[in-house]
Amino acid sequence: YEIIKTALDRLSTKHKIVYLTYMQYEFELKDGKHYFKQEFLKKLRDQLGLSQASIRKYKQEAKDKIDEYLKIYGAK
């Protein structure tokens, strides 16, 4: 938990909102595809003033930063 929190602290507020919202509301379907309700995507876009492409990028950047920290400091 502390490693992930430290990684998130290095990101912008928008990165945190996008990442944590996806972690809360995204789920995997039986075929392995990930699903996120369109109503949540629209709210994210509207409230953060971001395009869908930017949201995808923010999510990936946050995931990459967390993965980097876990790799360096190890998952405990």
Side-chain angles (χ1 to χ4, degrees):
Y1 169 80
E2 287 299 321
I3 295 170
I4 293 172
K5 183 180 179 311
T6 301
L8 287 173
D9 287 344
R10 304 294 186 262
L11 297 169
S12 73
T13 300
K14 287 183 179 183
H15 280 85
K16 291 177 205 175
I17 291 169
V18 169
Y19 180 78
L20 293 172
T21 302
Y22 265 89
M23 293 301 98
Q24 179 68 34
Y25 295 107
E26 184 179 52
F27 59 93
E28 190 171 340
L29 300 173
K30 290 181 182 179
D31 62 3
K33 293 181 182 178
H34 290 225
Y35 180 75
F36 193 81
K37 290 187 176 183
Q38 292 299 313
E39 63 191 76
F40 291 121
L41 286 175
K42 181 165 178 19
K43 283 184 181 182
L44 273 178
R45 287 193 303 266
D46 293 347
Q47 290 182 0
L48 298 177
L50 297 172
S51 68
Q52 184 57 43
S54 293
I55 287 176
R56 276 193 300 273
K57 183 173 177 152
Y58 277 47
K59 178 187 168 197
Q60 188 60 49
E61 288 173 348
K63 184 181 179 316
D64 290 347
K65 180 60 72 177
I66 290 168
D67 290 346
E68 174 188 338
Y69 270 66
L70 288 173
K71 185 177 180 182
I72 292 170
Y73 302 107
K76 297 179 181 179

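Owing to the predicted nature of the structure, the values given are computational and were not obtained by experimental measurement. For the numbers below, each heavy atom of this structure counts, side chains included, while hydrogens, waters and symmetry mates do not.
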**Report entry** salt bridge (charged side-chain N to carboxylate O under 4.0 Å, His left out): pairs with one or both residues in residues 9-19, sequence neighbours excluded
**Finding:**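 Counting only pairs at least two positions apart or across chains, the salt bridge (charged side-chain N to carboxylate O under 4.0 Å, His left out) contacts touching residues 9-19 are K5-D9.
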Compile the donor-acceptor pairs under 3.5 Å between side chains in residues 39-49 and protein atoms, sequence neighbours left out, one pair per line.
from	atom 1	to	atom 2	distance (Å)
K42	NZ	D46	OD2	2.8
R45	NH1	Q52	OE1	3.0

Query raised in the report: Quick one: salt bridge (charged side-chain N to carboxylate O under 4.0 Å, His left out) partners of K63, sequence neighbours excluded?
Result: D67
Report task. Write down the atom of Y69, the atom of T6, and the distance for their closest heavy-atom approach. Result -> CE2-CG2, 3.7 Å
Query raised in the report: Can you name the side-chain hydrogen bond (donor to acceptor under 3.5 Å, both in side chains) partners of S54, sequence neighbours left out?
Result: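 For S54, the residues satisfying side-chain hydrogen bond (donor to acceptor under 3.5 Å, both in side chains) (neighbours in sequence not counted) are S51.
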Query raised in the report: Got a sec, which residues hit side-chain hydrogen bond (donor to acceptor under 3.5 Å, both in side chains) with Q60, two or more places apart in sequence or on another chain?
Result: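 Q60 satisfies side-chain hydrogen bond (donor to acceptor under 3.5 Å, both in side chains) with D64 once adjacent residues are dropped.
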Report task. Would you give the length of the straight line joining atom CD1 of I72 to atom CD1 of I3, rounded to the nearest 0.5 angstrom? Result -> 10.0 Å
Donor-acceptor pairs under 3.5 angstrom involving side-chain atoms of residues 17-25: please list them, not counting sequence neighbours.
from	atom 1	to	atom 2	distance (Å)
T21	OG1	I17	O	2.6

